[in-house]
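Encoded as structure tokens, the structure appears first; notes follow it.
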Amino acid sequence: MNNVTPTPTQSPGGIPDFVYGTAWKEDRTPELTELALCMGFRAIDTANQRRHYFEAGVGQGLAAAYRASVVTREDLFLQTKFTYRQGQDRRLPYDPSAALARQVEQSMSSSLDHLGTDHVDSYVLHGPLSNYNWTDADSEVWEAMQTERDGGHTRLIGVSNASLQHLQQMSAAHTEFPAFVQNRCYARLGWDRAVRQFCREHKIIYQGFSLLTANQEVLHHPLIAGLAANTNATPAQVVFSFARSIGILPLTGTSDADHMKQDLASRALVLPGKAVPAIESLAG
Ligand SMILES: NC(=O)c1ccc[n+]([C@@H]2O[C@H](COP(=O)([O-])OP(=O)(O)OC[C@H]3O[C@@H](n4cnc5c(N)ncnc54)[C@H](OP(=O)(O)O)[C@@H]3O)[C@@H](O)[C@H]2O)c1
């Protein structure tokens, strides 16, 4: 399993089956973005939030891959995010005194510039303004994101770091549901069971991040170790395969070429039927 040659990650309909995340890579962002594309990733996640992402570096990595004929823009699924002032440091992609709708417009324009494209495939609200409620500010931003979509700057729109309450309040306030919810996925919360269920009911694609880093206890659990040994896979591969089995579109942010290969190869790993519900209820 570990050495299966990866195939590209773009699926029919333009929705990827694995997303390469570019957070926290700083000066290595161009090199690692290009490497991920060379290894077979076709979906890239970033954000116009210099504090945690180097979006212009992602653009440099893309440009290098285009020059080397590894991929073309048409092969790719590019996702970026709008981040509120409170989630940023001083390196802002918009005028903080402008209205929120204008900040969305400016942030998008800067993202397109960084990524060297005229549109992204997915534009995500990095997180609602309040940890508890969907606010009027979120509504203003969500409507501005729809305007960006209608203007051709993104194909799809989504939200991140959203609780079930956020999503319920959002759906009461708007006619349009997000195409994606991108959340940190804790095994102790049943792998975000409540939000995943909401997503399933409303045909929203659930993107899960920190599948490995947030669930170290699961990675070392005998159930996972046993499955890994029986399938000649690594515990990380078992977790990614499990995630896909319960409808999660996984992200990985690995900086290691072998791990990139292994993460992609996990798409070919089929877990025994009973293993999936057992892992789902392992910790919550
Ligand atoms: N929306 C948000 O607020 C938000 C927040 C956090 C992250 N994200 C997105 O999600 C992406 C991924 O973040 P993440 O938190 O899931 O991951 P991450 O922080 O990038 O870390 C992944 C970890 O798993 C390890 N790993 C990956 N594949 C492995 C394998 N096959 N075997 C062993 N170890 C492996 C990596 O180590 P090696 O590097 O050594 O492989 C790394 O320590 C980010 O880059 C970002 O795009 C979004």
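When reading the values below, keep in mind they use all heavy atoms of this one structure, side chains included, and skip hydrogens, waters and symmetry mates. Both ligands and their constituent atoms are indexed starting at 1 by order of listing. Being a predicted model, the structure only gives us computed values, none of them experimental.
For Y53 and K81, the side-chain atoms include at least one donor-acceptor pair closer than 3.5 Å.
With hydrophobic clusters built from ILVMFWY side chains whose heavy atoms lie under 4.5 angstrom apart, I248 does not share a cluster with V124.
Using a 4.5 Å cut-off on side-chain heavy atoms (C-beta onward), L125 and M145 make contact.
Aromatic pair F82/Y94: ring centres closer than 6.0 Å.
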For ligand 1, which of its N or O atoms have a protein N or O partner closer than 3.5 Å, and how long is each gap?
residue: ligand 1; atom: 1 (N); partner: S160; partner atom: OG; Å: 2.8
residue: ligand 1; atom: 1 (N); partner: Q182; partner atom: OE1; Å: 2.7
residue: ligand 1; atom: 3 (O); partner: H126; partner atom: NE2; Å: 3.4
residue: ligand 1; atom: 3 (O); partner: N161; partner atom: ND2; Å: 2.9
residue: ligand 1; atom: 15 (O); partner: S210; partner atom: OG; Å: 2.8
residue: ligand 1; atom: 16 (O); partner: S210; partner atom: N; Å: 2.6
residue: ligand 1; atom: 20 (O); partner: G253; partner atom: O; Å: 3.3
residue: ligand 1; atom: 28 (N); partner: D263; partner atom: OD1; Å: 3.2
residue: ligand 1; atom: 28 (N); partner: D263; partner atom: OD2; Å: 2.9
residue: ligand 1; atom: 31 (N); partner: D263; partner atom: OD1; Å: 2.7
residue: ligand 1; atom: 32 (N); partner: H259; partner atom: NE2; Å: 3.4
residue: ligand 1; atom: 39 (O); partner: S255; partner atom: N; Å: 2.9
residue: ligand 1; atom: 41 (O); partner: T254; partner atom: OG1; Å: 2.4
residue: ligand 1; atom: 41 (O); partner: H259; partner atom: ND1; Å: 2.5
residue: ligand 1; atom: 45 (O); partner: G21; partner atom: O; Å: 3.3
residue: ligand 1; atom: 45 (O); partner: T22; partner atom: N; Å: 3.2
residue: ligand 1; atom: 45 (O); partner: A23; partner atom: N; Å: 3.0
residue: ligand 1; atom: 47 (O); partner: T22; partner atom: N; Å: 3.4
residue: ligand 1; atom: 47 (O); partner: D45; partner atom: OD2; Å: 2.6

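Below 30°, between 30° and 60°, or above 60°: for H52 and W24 the angle between ring planes is above 60°, a perpendicular geometry.
Ion pair D17/R267 flagged as a salt bridge, since at least one NZ, NE, NH1 or NH2 atom sits closer than 4.0 Å to an Asp/Glu carboxylate oxygen.
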